[in-house]
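When reading the values below, keep in mind they use all heavy atoms of this one structure, side chains included, and skip hydrogens, waters and symmetry mates. The chains referred to below are lettered A, B, ... by the order of the sequence lines, with proteins before strands, and numbering in each begins at 1.
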Amino acid sequence: MRTSWADSVANSASEIAVADNNPLPRPTRSTYVPPHLRNRTASEAPTLPGPVTDRAGFSAAAGGSQWPRWGGGSGGNKPESGRPAQGYGYAGAGRGGGGGGGWNNRSGGWDRREREVNPFGDDEEVDTEHSFNEHENSGINFDAYEDIPVETSGDNVPPPVNTFAEIDLGEVLNQNIRRCKYVKPTPVQRHAIPIALGGRDLMACAQTGSGKTAAFCFPIISGIMREQYVQRPRVARTVYPLALILSPTRELSCQIHDEAKKFSYQTGVKVVVAYGGAPINQQLRELERGVDILVATPGRLVDLLERARVSLQMIRYLALDEADRMLDMGFEPQIRKIVEQMDMPTRGVRQTMLFSATFPREIQRLASDFLSNYIFLAVGRVGSSTDLIVQRVEFVQETDKRSHLMDLLHAQRENGIHGKQALTLVFVETKKGADALEHWLCMNGFPATTIHGDRTQQEREMALRSFKSGKTPILVATDVAARGLDIPHVAHVVNFDLPNDIDDYVHRIGRTGRAGKSGLATAFFNEGNLSLSRPLAELMQEANQEVPAWLTRYASRAPYGGNKNRRSGGGRFGGRDFRREGSFSRNLDYYGGGNSSTAAYGVPGNYGGGYAPGVTSAWD
DNA sequence: AAAAAAC
């Protein structure tokens, strides 16, 4: 039995026909209303008469061509929380399916949220008196954010915001944001959240560790809260999530799920994760209990779709994390199948958001298949690394790598970092190489573990836990751990084997230097890495790193190539949205680039990641 | 060539 909020509402109302495959009308796209102008007049808003739906299942409340109104309800106190709904959001009349409103009015009589585990592990009431004050900003290196270039292109780009308070996310979500100790939005959040709330498709590039997960989760959660009236079809054992978040690894999906659970605590929005390598039955049970946001890896999702246990028919929000990876050769067919060949609403009907730190031009081109009149957002140069990471490259022959690593680890032992064990993440090229190096490290007195695709999911998760806890402060990893994983206290990333792709390098070193903290990245370079010399030297130079003279010499000899994102000799700006590249000018009109506006914002000095010290979460 | 992602 599905007990998701919206399902419950749906159950109490008449069945609706969503049987045909006609594109759903999209009430959101025609007009952009800046966040600060929305929800201005709760008192003027017509009281919702109950779940009124058009044939496609969208709420017909208020707005017409707008998003359904917020705060249209009245008197919607939530008995179990004791907090008044304050005119915001989805509380109030209409919720109960015309039966007098209120939360406990559904058949069954109990509120599922009472059983919701507190993901914050506390039960204290959060301070709601002063919201988002800026007094918790210690530990953040604001200077590092001072001159991050921000570029947007596309039609009618919604302006950025400076604070969470000025974004109308709703009180419950705001409270969760406070519980997460997020004080101010990070640069990517400042720009992406208004764009997403405006209903626009988005291709967002932002540096590793800059808070991308929240940037797409907040708008999805608040959007679903505003539309809880939506009715979903009832087909035996099939569930109809409203949002789908895809990521390339199981651990990353887990992490996104954990974060989304915190953000959606007590909102009534249900988040479920599905990935391979774990028993499917438990995931099926979770799904049957109701799902609004499904976080998944592609393989398991396809399985669920083929079993008809999940339908994408009601998807309103699609987010691809690490989107360039999701669309590269290995994943693209699966993604196309999910997005284009199942029952997902077409682009322009759903809202699609792509996020990554890197976005090669050819992948941008591919990605535009999934987007509709989208906004391109770049915070920092696409594919650049953050200045917070000190990058070193050392020339190390293959045979010397182990002893060289040993030297680094010995040197590091002396660096005690206030209480918390400093963690070292070592990247290697192959799964076998990972096992071998782990074994050798352990034999030599360095507690290490390893994570790669040949290990069972249980082993992978155990390795990650053991590393995070400091029990084994060295983790040897393949590229499975290169992207997105937010592991606090990673002080050092060692590229024992360099990747062939500079973008992979960017993601790997991005496991340190997160949330405004500094980090160190050391790479072992030798003749086997010649093709990386030029892009690596350019990247390091861009990031104001010291480039060894020998690397510069290699780079000058290396053939031009591997330069997917950067224009040689180009300034720090421009040419990052592929629609604006000269060679694609014939496409400009098609993509609406002909009359597109481009705005570049200098970033004010005081707005870095306003997060309390020690608090990092899923940022990428 | 390797890695990831379903059973």
Between [atom2] of [N] and [atom1] of [X], the distance in whole Å:
X         : N      : atom1 : atom2 : value
His507(A) : dA2(B) : NE2   : P     : 22 Å
Phe331(A) : dA3(B) : CZ    : P     : 14 Å
Asp479(A) : dA5(B) : CG    : P     : 12 Å
Asp435(A) : dA2(B) : CG    : P     : 15 Å
Phe427(A) : dA3(B) : CZ    : C1'   : 12 Å
Ile280(A) : dA5(B) : CD1   : P     : 15 Å
Leu320(A) : dA4(B) : CG    : P     : 20 Å
Met329(A) : dA4(B) : CE    : P     : 16 Å

Check your understanding: Does the dA3(B) base have a donor-acceptor partner in the side chain of Asp504(A) within less than 3.5 Å?
Key ->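 There is none.
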Review point. Distance under 6.0 Å and angle within 45° of the ring axis: does Arg465(A) meet both against Phe467(A)?
Key: no
Review point. NA contact type, Gly330(A), heavy-atom cut-off 4.0 Å: base, sugar-phosphate, or nothing?
Key: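 Gly330(A): base contact, heavy atoms under 4.0 Å.
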Check your understanding: Is Val480(A) touching bases, backbone alone, or none of the nucleic acid, heavy atoms closer than 4.0 Å?
Key -> sugar-phosphate
Does the side chain of [X] get closer than 4.0 angstrom to OP1 or OP2 of [N] through an N or O atom?
X         : N      : answer
Thr478(A) : dA2(B) : no
Arg250(A) : dA6(B) : yes
Thr297(A) : dA6(B) : yes
Lys432(A) : dA2(B) : no
Arg460(A) : dA5(B) : yes

Practice item. Heavy atoms only: give me the nearest Ile338(A)-Leu312(A) pair and the separation to one decimal. Key: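 Looks like O-CD1, 3.6 Å.
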Check your understanding: So, Phe359(A) versus Phe376(A), ring centres under 6.0 angstrom or not?
Key ->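 For Phe359(A) and Phe376(A), the ring centres are not under 6.0 Å apart.
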Point to revise | Nearest to side-chain heavy atoms of Lys431(A), which nucleotide of dA2(B), dA6(B), dA4(B) | key: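 Given the options dA2(B), dA6(B), dA4(B), the side chain of Lys431(A) is closest to dA4(B).
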Check your understanding: Thr249(A) side chain: which of dA1(B), dA3(B), dA4(B) is closest?
Key -> dA4(B)
Practice item. Please identify each residue that fulfils salt bridge (charged side-chain N to carboxylate O under 4.0 Å, His left out) with Lys401(A), with sequence neighbours left out. Key: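 Result, salt bridge (charged side-chain N to carboxylate O under 4.0 Å, His left out) vs Lys401(A): Glu398(A), Asp497(A).
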Practice item. Look at the aromatic rings of Tyr554(A) and Phe525(A) and report parallel, tilted or perpendicular, splitting at 30° and 60°. Key: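 Ring orientation of Tyr554(A) relative to Phe525(A): tilted.
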